[in-house]
Each structure stands twice: as C-alpha cells, then as structure tokens.
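Here the structure is laid out as structure tokens; the discussion comes afterwards.
Only heavy atoms go into these numbers, but all of them, side chains included; no hydrogens, no water, no symmetry mates.
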Amino acid sequence: MAAESTQPAIPEPGTTQRRRSKGRRRKAPSTGRKALRATAWSAAGVVLLGGAGAGYLYLKLNGNLHSVDINQALGSDRPTKIDNGSENILVLGSDTRTGKNRKLGGGTDDGSARSDTAMIVHVYEGHKKASVVSMPRDTLVDRPRCTDTKGTAHPAASGVMFNEAYSTGGAACAVKTVESITGIRMDHYLEVDFEGFQKLIDDLGGVRVTTTKNIRDPQSHLDLRAGTHTLDGEQALGLVRTRHGVGDGSDLGRIQLQQAFVKALIDQVKHVGVFTNPKKLYDLADTATKAVTTDSDLGSVNSLIDFADGLKGISSSRMKMVTMPVRYDPANPNRVLLAESKAQQVWNALKNDEPIPASATKGTATGEAKGVVSAG
C-alpha cells in the first residue's frame, strides 16, 4: 500500500539558478536567513497543496475511505445517546488474514477476521482528557442477536469469546456486543488492519520506546533486546500483537504492552512536525485514509479532520488507560470472565463523564507485562 504524492516539485532552498554580477562573490546566507527560507518553502508547499490541486487531493483522500453504516444496521434498539459533551469511540484492530495481511498476521487465510485489539475511548467534555478501556479478546460474554451491515441476522450466543462478535457479524455486531456489555452507546467506530497500522508507523518514521526486558516472540516476528529502540512498522506490529514474548503469555499482558505503545505513539505524533512538511502530511493522510474503516458519520475527509481536531489537545499524560475488570475463568485459565460489579463502576463513570475510580480495577486479573515498555 504505497503512499503516492501528487505534490508539484518544489526546488530545494538554494538550488534555483540566479544570474550573478561578474566579479562579485555572493555572500553566504546566515543561519537566520536559511531558517527563514526553509520556512518560506514549507509555506509555499502548504499553499500549493491547498490551492489548485486541493479538489483533486480531497477527492483522492475521500476515495480512500471505507465506512460502514452502523446506525442503520443496529436501528433504534441501542442505549440512549449521552448528551453531556463527551464522546465514546470503539477502536478495533482487525487481524484479518486475507491478502497482504496474511503475511503480516500469520495463520490461515480463511477469509475471516477477528478483533485482535478492542478499546473504548471515552473523550471527556472539553476534549482535554480521555479514558481508554481495553477489552480482552478472550473474555467470555453473551453475544446479543445482531444484524450486520449487509442485512444478515445472526442469532445470540452465550459464553463465547468477545472477539467472536466481530468474526461473526463484523463492525455492527462488535458495536452491538460492546453496547450490550456496557450499556453505553458508541458514538463512533474506527478500525485499523495489520497492513495499515504497519504503514502508518513507517510513514511516521517509527516510534521510540524503551523496553526493560528482552522480548522475543517468533509468532509475532519480534526480537528486541532490553533498551531503547525506534520501532519500524513491522516491529511495532509485532509488539502490539505479542503475547508469548514477555510476561505470562496471556492476552492481559499483551494489552499492557498495547497501552504503553499507544502512549508512545501519541507522544511521537506530537513531535513529528507534519504541518511544516507538506509531503509528509499528505503521505500520512493518504496512508491513514486507506488504513481505517469508520462509521458513516466519519466517512469523509472533512468529518475525520473535524474529529481529529477535537482530539489534538489530549496528551498521553492526560489519557488514563485501564483494562476492563475481569477475573480468570476457573474452568479455563486461558479465558477470563467479566467482573461485573467492578466493571459497572467503570461504565457508570463513563456515563457520568467522571474519572474511572481506582477501586474499579483493584484486585482484578492483570497480565505480567506492566512497565516492560515505555515511551523512549
């Protein structure tokens, strides 16, 4: 999924041919003049991107987007929208094994997909802070009856893994299941697949992290020594997917690594400086719009820009990340069950746009990878 640039060629600062007066040596520009000239070229690039080619670029980026109409599929049988200025977004990482994702994800190319990663992102009123609740894919849940975006109805099922909802009925059934568990309406839906995630990290120039332990997992193709690394896309994908390379090999440990990586990624994005580099800005936009599937309300470039603009004030230090309260299943140590009373504390806090209390996650099942990864 190579990103392409339609940006007109802009001469590098200092390379434009100029006539000189004979017998006179041109004075070398000062550092201040060099910086001013570089800024001028960046500004020129922004103007070019926003000028004559803007219509083409908009249509191309808009054409990259894929959206699904969650509202139509689920109808009116949903939790009431909470109108307190907050927003709830279900973010899924899809581990489809089809096409190029087959090589990245491993496993059998059976045409199916699972929600390898699932997070509820609650953006508080004012959009200055957020809480993120990771939902373990191995949680045994009662999946409600749901209708997918193609109109196919799927019967309810009891005691099935959480990520089975997505593999059964795609985005609509995943949203339906999350709303059934939480009692909270999801305002938006975002999905990223393997290939898109890897390309985004590469376009960003990698993400810098520090690991306190060696991480080696042949299944996710990851081999990191303890220390500081700038992870490329393939390594980053390996890190957020690994469950056997560190800790107890559980999905809960993998979630701890994912949460640490997300914080490092947020820090990295804020330091990339894409708005002073038009080509990088366009390449990232091209990759991002190809990488995501959204709900229909976010299914245009303008809607995505407005949405992203509302989140840009949230730093990693103002993002609280927890795992949905669960306990180990006594009948199967590889599965977990919802810790209902503690989970209800989480859902009540999000409904009321309040911080998640520490008591909600105290004493619940956790992995053994906390602190292994941090921002570099």
Side-chain angles (χ1 to χ4, degrees), residues 91-95 101 103-107 115-119 121 130-138 192-273 284 287 291 314-324 326 333-334 336 361 364-376:
V91 180
L92 293 187
S94 166
D95 69 342
N101 287 306
K103 181 179 179 182
L104 298 175
S115 50
D116 199 53
T117 303
M119 297 178 174
V121 180
S131 286
V132 178
V133 183
S134 296
M135 306 188 75
R137 56 173 289 173
D138 294 340
V192 183
D193 69 13
F194 280 163
E195 185 192 4
F197 175 84
Q198 177 169 315
K199 185 67 169 62
L200 277 170
I201 300 304
D202 284 336
D203 281 358
L204 279 169
V207 175
R208 189 175 174 85
V209 301
T210 296
T211 61
T212 59
K213 296 180 180 179
N214 297 338
I215 305 177
R216 186 173 186 276
D217 184 355
Q219 294 187 37
S220 65
H221 315 295
L222 183 66
D223 190 358
L224 293 177
R225 304 285 297 177
T228 299
H229 311 269
T230 297
L231 303 183
D232 62 21
E234 184 176 4
Q235 291 171 315
L237 179 61
L239 179 64
V240 299
R241 292 190 60 240
T242 187
R243 61 187 296 173
H244 304 291
V246 66
D248 57 359
S250 72
D251 186 44
L252 298 177
R254 172 167 56 185
I255 284 173
Q256 291 173 324
L257 297 178
Q258 290 172 350
Q259 292 173 343
F261 180 82
V262 166
K263 288 200 169 189
L265 176 60
I266 291 171
D267 290 340
Q268 180 74 11
V269 168
K270 288 184 176 296
H271 291 90
V272 165
L284 280 169
T287 299
I314 302 174
S315 63
S316 63
S317 62
R318 296 183 64 82
M319 180 176 286
K320 180 179 178 64
M321 306 192 79
V322 303
T323 300
M324 181 176 73
V326 292
N334 294 316
V336 293
T361 54
T364 57
T366 60
E368 296 179 5
K370 187 176 179 62
V372 173
V373 173
S374 61

Nearest 0.5 Å, please: how far is [atom2] in [Y] from [atom1] in [X]?
| X | Y | atom1 | atom2 | answer |
| --- | --- | --- | --- | --- |
| Ser220 | His244 | OG | NE2 | 8.5 Å |
| Arg216 | Thr242 | CZ | OG1 | 11.0 Å |
| Leu92 | Met119 | CG | CE | 10.5 Å |
| Leu239 | His229 | CG | NE2 | 10.0 Å |

Indicate yes or no for a side-chain donor-acceptor contact from [X] to the backbone of [Y] under 3.5 Å, with no hydrogens or angles considered.
| X | Y | answer |
| --- | --- | --- |
| Thr211 | Gly227 | yes |
| Gln198 | Glu195 | no |
| Gln256 | Ala369 | yes |
| Asn214 | Arg225 | no |
| Asp251 | Pro136 | no |
| Arg254 | Arg241 | yes |

So do [Y] and [X] actually touch side chain to side chain, heavy atoms under 4.5 Å?
| X | Y | result |
| --- | --- | --- |
| Leu231 | Val209 | yes |
| Leu204 | Leu265 | yes |
| Gln259 | Thr323 | yes |
| Ile201 | Phe261 | yes |

Non-hydrogen atoms of [X] and [Y] that approach each other most closely:
| X | Y | result |
| --- | --- | --- |
| Gly196 | Ala291 | CA-CB, 3.5 Å |
| Leu252 | Gly367 | CB-N, 3.5 Å |
| Asp203 | Leu284 | CB-CD2, 3.5 Å |
| Ile266 | Ser316 | CG2-N, 3.9 Å |
| Ala375 | Asp267 | CB-OD2, 3.8 Å |

Practice item. Go through the steps to decide whether Val262 and Val132 satisfy the test side chain to side chain contact (heavy atoms under 4.5 Å, CB included), and finish with yes or no. Key: CA-CA 10 Å; Val262 166; Val132 178; over 6 Å; no

Exercise for review: Under the side chain to side chain contact (heavy atoms under 4.5 Å, CB included) rule, what do Ile215 and Val372 come out as? Steps first, then yes or no, please.
Suggested key: CA-CA 9 Å; Ile215 305 177; Val372 173; 4.0 Å; yes

Check your understanding: Between Met321 and Lys263, is a side chain to side chain contact (heavy atoms under 4.5 Å, CB included) present by the stated rule, with each step listed?
Key -> CA-CA 9 Å; Met321 306 192 79; Lys263 288 200 169 189; 3.8 Å; yes

Review point. Is the closest basic N to carboxylate O distance between Asp202 and Lys199 below 4.0 Å?
Key: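 Lys199 and Asp202: not salt-bridged.
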
Check your understanding: Have Ser134 and Gln258 got a donor and an acceptor in their side chains that come within less than 3.5 Å?
Key ->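 Distance-only check fails for Ser134 and Gln258.
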
Check your understanding: Between the side chains of Thr228 and Thr210, does any donor sit under 3.5 Å from an acceptor?
Key ->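 Distance-only check passes for Thr228 and Thr210.
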
Exercise for review: Applying side chain to side chain contact (heavy atoms under 4.5 Å, CB included), run through Asp217 and Val246 and close with a yes or a no.
Suggested key: CA-CA 8 Å; Asp217 184 355; Val246 66; over 6 Å; no

